[in-house]
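The structure appears below as structure tokens.
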Amino acid sequence: MTANIQRKIYRGRLAPTPTGYLHLGHARTFWTAQERTRAAGGKLILRVEDIDRARCKPEFVTALLEDLRWFGCRWDEGPDVGGSCAPYTQSERGKFYREVWRQLLAGGWLYPSAHSRKDLEHAPRAPHAGEGEAIFPAHWRPAPESWTPPATPDGLNWRFRVPDGERIEFVDERCGSQAFEAGRDFGDFVVWRRDGVPAYELVVAADDHAMQITEVVRGEDLLVSTARQLLIYRALGWTAPAWFHCPLMRDATGRRLAKRTAGLALRALRAARHTPDQLRAEWSA
Ligand code: GLU
């Protein structure tokens, strides 16, 4: 009998958020994603992460498509080229996210949280977390008998209950073995906001799964998010992708580039007559 070996085709993704112009740091991460896809003979997917409509602007979507193309990025599926996993724009995927919320709720992983981000200002902080991540205190979880599961997430903040004390481990293809302790390095996290917007952790895990992404390439600021997303994968019985977290680009003073670092925006570099080849040569130097 011959074994029927089905090789999984590599699927990578670029997942920009249109809250500003893309800068050189984004370009470097996206270029890595593209190179890894090419090396694996896979497919590259472009997904526009505009779920937070209040912060995103259509003009930044147009700009990011233009800037990425100028830089030399080419994708096989995306909002402008279509594909079998369409739509590739998060603001058009609301129904699907509600279904994922429903599944998480049905599995007993979520609870409605009366506490806002502001309440967390005085909560204990994670020991190693960057940017002072506050840990949601376990005693703020509502008693199970105090609420009944509604049909929709509307009007409430919904949090994912993390397994306190459990070490969430994974191997990152660049950074090596990683471990984050639930309840200590990160706490119960929001998956759906009171204002009706599903949160990053839910939408990104849901989309990477639905779009059959086999490796997620992104910035290393998201390592701890990977631990949260792994909990979502596990809760839903999904197979997790591989992970490759890239170093963040810093400016001359050592600060991490932000969308407001205008001088290093791809459009500014292009206007100043830099070429993509030259920019890439500089970062490999
Ligand atoms: N849209 C997210 C960002 O720009 C991407 C996060 C991810 O790659 O998972 O930060």
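Every number for a ligand or one of its atoms is a count from 1 in the order of the listing.
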Considering only heavy atoms of [X], which atoms of ligand 1 have at least one such atom less than 4.0 Å away?
| X | answer |
| --- | --- |
| R13 | 7 (C), 8 (O), 9 (O) |
| V204 | 9 (O) |
| Y200 | 6 (C), 7 (C), 9 (O) |
| L222 | 6 (C), 7 (C) |

Pair T17, R55: side-chain N/O donor-acceptor within cut-off below 3.5 Å: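 No, R55 and T17 have no side-chain donor paired with an acceptor closer than 3.5 Å.
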Pair S225, E201: side-chain N/O donor-acceptor within cut-off below 3.5 Å: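 Indeed, the side chains of S225 and E201 share at least one donor-acceptor pair under 3.5 Å.
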Does an N or O from V216, backbone or side chain, lie closer than 3.5 Å to an N or O of ligand 1?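 Between V216 and ligand 1, no N or O pair is found under 3.5 Å apart.
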Heavy-atom check, side chain of S177 versus side chain of E169, under 4.5 Å: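 The answer is no; the side chains never approach within 4.5 Å.
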side-chain contact (heavy atoms from CB on, under 4.5 Å) partner of D119, the single match among E121, H115, H122: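 So, applying the side-chain contact (heavy atoms from CB on, under 4.5 Å) to D119 and each of E121, H115, H122, only H115 qualifies.
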Qualifying salt bridge (Lys or Arg N to Asp or Glu O under 4.0 Å) pairs, either residue in residues 232-246, two or more places apart: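 Passing the test, one end in residues 232-246: E166-R234.
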